[in-house]
Amino acid sequence: EKPEKWGKARPWILISAPAILKNKYFYFVAALFILALSIASGNGSMTVYYCGNILKDMDMMTPLSMALTLPVIIGNCFVPAIVKKMGHQKTLILSSILMLAGFLIVAINPYSGTLAIVGTVVRGFGNGAIFACGFALSAQVVDYGEWKFNVRSEGLVNSCVSFGQKVGLGLGAAIASWIIAAGGYVGTAKVQTASANSAIIFAYVWFGVILAALLLVVSLLLNIDKYEGQIKKDLEQRHKA
């Protein structure tokens, strides 16, 4: 079946645009739309997004947060070349290893500020590539769905990605909070108990190690790259038919 002239999403955008223009929240929606585009449109735009955050929050950023953000920006500049050379799967595997290594460096001595910064820098390079590859993988999933099941579901796949990101960010922070709460952490206390300190170390070091190891396992099982060439070839022939 040939794709529709206007596609699936464009007619709805054209229909909804006049309604949005009359809405008093137009500028709010526009700001969100531009922000979403800046993140979702690719590696270069993600770099602009992170640079904007640095300029906006420069006076509030700690050395640790800078150690995470700057490697993300630098790493994103090289992600396209790395993906072209290695493919998405191997890039994700490398990124997962960097994240795992970053957490393990901190685990050597959780009380060392130097190791915390070094480990965060290493982890930051892994973070940047993972986020960049994630958006590209969603497009590969759409193509795979059309190739395998003859159903193209851009909206469903991207909605699932957005939903998963929100759930992951919220749940990850919640689990870390539950861990330190279980250890007896008291935010107003000048000195934390030994159990509270142990819980903090587990929440922000070993919990990260566990998640990075799980991500590495998932990356090792993700073999969509080996079908990519055949998928593109078959879809091109199908669309021309």
Side-chain angles (χ1 to χ4, degrees), residues 8-9 12-13 28-54 56-57 61 64-65 67-77 79-80 82-83 87-100 102-103 120 122-145 152-179 203-204 207-222 224-225:
K8 295 180 180 179
W12 295 103
I13 295 175
F28 174 72
V29 174
L32 288 178
F33 178 72
I34 294 170
L35 178 60
L37 281 179
S38 71
I39 299 175
S41 60
N43 301 327
S45 295
M46 285 186 67
T47 303
V48 172
Y49 170 73
Y50 282 113
C51 285
N53 274 346
I54 286 183
K56 177 173 68 69
D57 301 328
M61 294 187 79
L64 203 59
S65 61
L68 179 63
T69 306
L70 289 177
V72 170
I73 296 173
I74 296 170
N76 267 312
C77 295
V79 167
I82 295 173
V83 170
H88 287 98
Q89 183 187 16
K90 290 182 179 178
T91 302
L92 283 174
I93 292 172
L94 175 61
S95 302
S96 303
I97 292 173
L98 287 174
M99 287 190 65
L100 184 58
F103 282 116
T120 303
V122 173
R123 179 162 57 92
F125 284 111
N127 279 355
I130 285 173
F131 279 110
C133 288
F135 293 105
L137 284 173
S138 64
Q140 285 185 310
V141 170
V142 171
D143 287 342
Y144 180 83
R152 191 167 184 85
S153 306
E154 296 98 330
L156 177 62
V157 170
N158 286 287
S159 296
C160 289
V161 171
S162 178
F163 178 75
Q165 288 175 335
K166 290 177 175 62
V167 172
L169 289 171
L171 189 59
I175 292 175
S177 299
W178 295 336
I179 292 172
Y204 294 105
F207 181 45
V209 168
I210 294 170
L211 292 179
L214 289 173
L215 182 59
L216 177 58
V217 171
V218 172
S219 300
L220 289 169
L221 296 174
L222 184 68
I224 196 170
D225 278 352

| remark: Sorted by chain and residue number, the side chain to side chain donor-acceptor pair (under 3.5 Å) partners of Ser95 (sequence neighbours excluded) come out as none
| field | All side chain to side chain donor-acceptor pair (under 3.5 Å) counterparts of Ser162, not counting sequence neighbours | value |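 Checked Ser162 against side chain to side chain donor-acceptor pair (under 3.5 Å); matches are Lys166.
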List in chain and number order the residues that pass side chain to side chain contact (heavy atoms under 4.5 Å, CB included) with [X], two or more places apart in sequence or in another chain; answer none if no residue qualifies.
{"X": "Val209", "answer": "Leu100, Phe103, Leu104, Trp206"}
{"X": "Ser177", "answer": "none"}
{"X": "Ile175", "answer": "Leu171, Trp178, Ile179, Phe207"}
{"X": "Ile82", "answer": "Phe78, Met86, Thr91"}

Between [atom1] of [X] and [atom2] of [Y], what distance do you get to the nearest 0.5 Å?
{"X": "Ile97", "Y": "Leu216", "atom1": "CD1", "atom2": "CG", "value": "5.5 Å"}
{"X": "Ile210", "Y": "Leu215", "atom1": "CD1", "atom2": "CG", "value": "14.0 Å"}
{"X": "Met99", "Y": "Leu211", "atom1": "CE", "atom2": "CG", "value": "7.5 Å"}
{"X": "Leu94", "Y": "Leu98", "atom1": "CG", "atom2": "CG", "value": "4.5 Å"}
{"X": "Thr120", "Y": "Leu70", "atom1": "OG1", "atom2": "CG", "value": "12.0 Å"}

| note | Minimal heavy-atom distance between Leu92 and Leu222, with the atoms involved, is CD1-CD2, 3.8 Å
| note | Residues Ser96 and Ser219: closest non-hydrogen pair is OG-OG, 3.4 Å
Using residues 135-143 as the side-chain source, report each donor-acceptor pair under 3.5 Å to any protein atom, sequence neighbours left out, with the distance given to one decimal.
{"unit_1": "Ser138", "atom_1": "OG", "unit_2": "Phe135", "atom_2": "O", "d": "2.5"}
{"unit_1": "Gln140", "atom_1": "NE2", "unit_2": "Asp225", "atom_2": "OD1", "d": "3.4"}
{"unit_1": "Gln140", "atom_1": "NE2", "unit_2": "Glu228", "atom_2": "OE1", "d": "3.3"}
{"unit_1": "Gln140", "atom_1": "NE2", "unit_2": "Glu228", "atom_2": "OE2", "d": "3.4"}
{"unit_1": "Asp143", "atom_1": "OD1", "unit_2": "Arg152", "atom_2": "NH1", "d": "2.8"}
{"unit_1": "Asp143", "atom_1": "OD1", "unit_2": "Arg152", "atom_2": "NH2", "d": "3.1"}

